[in-house]
Amino acid sequence: MPSKLTAPRGTQDILPPQSGAWLELESRIHDLARRFGYAEIRTPVFEGTELFVRGVGETTDIVEKEMYTFLDKGERSMTLRPEFTAPVMRAALEHNLFSQGPQRLYYVGPIFRYERPQKGRYRQAHQFGVECTGFSGPEADAEVIALAWELVRSYGLTDATLNVNSIGDDVCRPRYRQALLEHFRPHAAELSADSQRRLEKNPLRLLDSKDERDRPFVESAPAFASVLCDACREHDDALQALLSACGIPFVVNSRIVRGLDYYTRTVFEITSSALGAQSTVCGGGRYDGLVKSLGGPDVPAVGFALGLERFLMMAEAVHGARVAPRDGVQAIALGAQARAVALPMVMELRRLLRAPVFMDFDDRKLLAHLKIADRNKARYALILGSDELAAGTVVVRDLETREDRRVPLGRAADVAAALGESRA
RNA sequence: GUGAUCGUAGCUCAGUUGGUUAGAGCGCCUGACUGUGACUCAGGAGGUCGCCGGUUCAAAUCCGGUCGGUCACCCCA
């Protein structure tokens, strides 16, 4: 292919019929969130860079090397959002939402990360996520997890696994860190180069290393559960009991640590074998310190982000590409005169019917028009030629049963009724 | 950022040790069929062989670079 204009690396165009799957997912997301009592929030696609540096964490990979940052014409450093949590908290803070009690917010939209693309990973990706603020108890954790799981469940994604873990709080995390250091340090020389580097910086990260050399040490590492403080222990136990009571299947996975700095206590991931190496479709947890660190009140929060591209990949792996059922009407008018009569009726039908009404304006033979109807997966064809015009009728052909019916050409409502699909 | 691998019609791919005008299937258009679709048959359109440079009498084919796709590492949705 000649190197003409192409979509930037790591981005993709979503064309029909794939865009149909997106539309359906998004509409189910809005419906699901609404039923859980969450309201949508929309924030700018770019923000001042400082927000992400403070909100996501200065030493995280996202901030260190994955952000699309640029100077605007006023010399301000701006960044395309690499995630939603910091912007949502910023907006909530800016508009004083926290002084109005607990908030249940959700978002859907694109995020940007400058990474090498691979399966399930893009430079522009789309996320659905929720943020539940103002509740410090495990019920909020359970609610948020239940919401994410409900989406997975409603799609029948049977190969998904919910992994839950606790990474403690200010009291016990330092203790755990210490325990890990003591565990790994004696074997430092035997660890992978990456892990040696991570050891002093962030020993928690060693736990999700995929390197074979690290495996034996990771497996024998102490679980966070062994050093959890009483408060965190209680929170975690209660969460697990709630999940069980709600009939949500989960596994406790002590290797789930999450990469963003702001998490406290509960962390969880929904993973699937259908996604290749990027096996996480949804990740989230509690981040009680985030709002305060952004200069706001001490408000607890839980949330998650779910990758739409990855979710759709899972859905396709389980269900295959969907075959759309026949739906709608193809209006076929033969000749200019017939078109002039048909067009107003088509417009009227588009008001009366819920299903799509297709019409091609080219001068073609009936045969060609029927082929187009077939390609459009129309259920009915409305045929208006010179014979019909003279008789004041229109032929309604059921493209599935191949039955023809003649109905009077008078009112579109009669035609709609003949199609038996008029809108309530 | 690192590594592997691949770039030939809209799509999926052939193309023999470098050798004339680069092929197939699907899709698209037209016709067989004055007005009744998934089948059939016959035609047709569509390609600077990703791009740039090199080797050669000769490059889709060999070499180098570059861009892009894919997969993995890192990290994450």
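Chain A is the first sequence line, chain B the second, and so forth, proteins listed ahead of strands; every chain is numbered from 1.
- A straight line from CG of A:D13 to P of B:G69 spans 12 Å, rounded to a whole angstrom.
- Across all their heavy atoms, A:S254 and A:A223 have their closest contact at CB-CB, 4.1 Å.
- Between A:R123 and A:G10, the residue anchored nearer the 5' end of RNA chain B, judged by the nucleotide with its closest heavy atom, is A:G10.
- As judged by a 4.0 angstrom heavy-atom cut-off over every strand, A:A305 is placed among residues touching the sugar-phosphate backbone only.
- Distance CG (A:D404) to C1' (B:U36): 7 Å, rounded to an integer number of Å.
- Under the 4.0 Å criterion applied to side-chain N and carboxylate O atoms, A:R42 and A:E40 are assigned as salt-bridge partners.
- A ring-centre distance under 6.0 Å is found for A:F128 and A:F304.
- In the set B:A77, B:C75, B:A72, B:A77 carries the atom at the smallest distance from any side-chain atom of A:R310.
- Nearest heavy-atom pair across A:G284 and A:Y263 is C-CE2, 3.5 Å.
- For the segment residues 265-283 of chain A, residues with any heavy atom less than 4.0 angstrom from an atom of RNA chain B are, sorted by number, A:G276, A:A277, A:Q278, A:T280, A:V281, A:C282, A:G283.
- Put simply, the side chain of A:R113 and the base of B:A77 share a donor and an acceptor less than 3.5 Å apart.
- A:R379 pairs in a side chain to side chain contact (heavy atoms under 4.5 Å, CB included) with only one of the listed residues (A:L399, A:D398, A:D327, A:V329), which is A:D398.
- For the P atoms, the distance linking B:A45 with B:G10 amounts to 15 Å, nearest Å.
- Nearest heavy atom pair, residue A:L207 against residue A:A221, reads CD2-CB, 4.1 Å.
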Could you run down the sub-3.5 Å N/O contacts of the protein with nucleotides 38-40 of chain B?
unit_1	atom_1	unit_2	atom_2	d
B:A38	N7	A:R402	NH2	2.9

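- Among the heavy atoms of the strands lying under 4.0 Å from A:E115 is at least one base atom, whether or not backbone atoms are also near.
- A:K119 places its NZ atom 13 Å from the P atom of B:C73, with the value rounded to the nearest Å.
- Within the 4.0 Å cut-off from OP1 or OP2 of B:G37, not a single side-chain nitrogen or oxygen of A:R375 is found.
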Under a cut-off of 3.5 Å for both distances of each Watson-Crick or G-U pair, what dot-bracket string does RNA chain B give, using [ ] for crossing pairs and | for inter-strand pairs? (((((((..((((.....[...)))).(((((.......))))).....(((((..]....))))))))))))....

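- Taking the C1' atom of each, B:G69 and B:G23 are spaced 24 Å apart, rounded to whole Å.
- Scanning atom types as modelled, no donor and acceptor separated by under 3.5 angstrom connect the side chain of A:R116 and the base of B:C71.
- Only the C1' atoms considered, B:C6 is 15 Å distant from B:A60, to the nearest whole Å.
- For the side chain to side chain contact (heavy atoms under 4.5 Å, CB included) test with A:R339, the passing option among A:V346, A:L384, A:D363 is A:D363; the others fail.
- Residues A:T49 and A:S77 have side chains that bring a donor and an acceptor to within less than 3.5 angstrom of each other.
- Using a 4.0 Å heavy-atom distance criterion, A:E388 is classed as a base contact.
- Between A:F112 atom CZ and B:A77 atom C1' there is a gap of 14 Å when expressed in whole angstrom units.
- None of A:E47, A:E50, A:E83 except one satisfies the salt bridge (Lys or Arg N to Asp or Glu O under 4.0 Å) rule with A:R90; the exception is A:E47.
- Nucleotide B:C75 holds its P atom 17 Å from the CD1 atom of A:I111, rounded to whole Å.
- Among all heavy-atom pairs drawn from A:R123 and A:R9, the shortest one is CD-O, 3.2 Å.
- Look at the C1' atom in both B:A38 and B:G27: the space between them is 15 Å, to the nearest Å.
- In this entry the distance linking CZ of A:R121 with P of B:G69 reads 13 Å, nearest Å.
- Side-chain contact annotation: A:H369 with A:Q330, donor-acceptor N/O pair under 3.5 Å absent.
- The separation of B:G46 from B:G68, taken at their P atoms, amounts to 30 Å, rounded to a whole angstrom.
- Position along RNA chain B of the nearest nucleotide to A:Q124 versus A:Q12 favours A:Q12 as the more 5'-ward residue.
- If you take OH of A:Y114 and C1' of B:A77, they are 20 Å apart, rounded to a whole angstrom.
- For the pair A:R28 and A:Y155, the distance from NZ or CZ to the six-membered ring centre is under 6.0 Å and the angle to the ring normal is within 45 degrees.
- With hydrogens and angles left out, the side chain of A:R9 and the base of B:G69 share no donor-acceptor pair within 3.5 Å.
- The CD1-P distance, from A:I62 to B:A77, rounds to 6 Å in whole Å.
- Which of B:A77, B:A32, B:U36 sits closest to the side chain of A:K365 comes down to B:A32.
- Considering A:D169, A:D288, A:D141, A:D236 as possible partners of A:R265, the one that fulfils the salt bridge (Lys or Arg N to Asp or Glu O under 4.0 Å) test is A:D169.
- Annotation: B:G7 and B:U16 have their P atoms spaced 13 Å apart (nearest Å).
- Remark: the separation of the P atoms in B:G53 and B:A42 is 43 Å, to the nearest Å.
- If you take atom P in B:G64 and the same atom in B:C28, they sit 42 Å apart, rounded to whole Å.
- Side-chain nitrogen and oxygen atoms of A:Q118 include none within less than 4.0 Å of the OP1 or OP2 phosphate oxygen of B:U70.
- For A:R104 and A:E143, the salt-bridge test passes: some basic side-chain N is under 4.0 Å from an acidic carboxylate O.
- Nucleic acid contact for A:F304: none, since no nucleic acid atom lies under 4.0 Å from a heavy atom of the residue.
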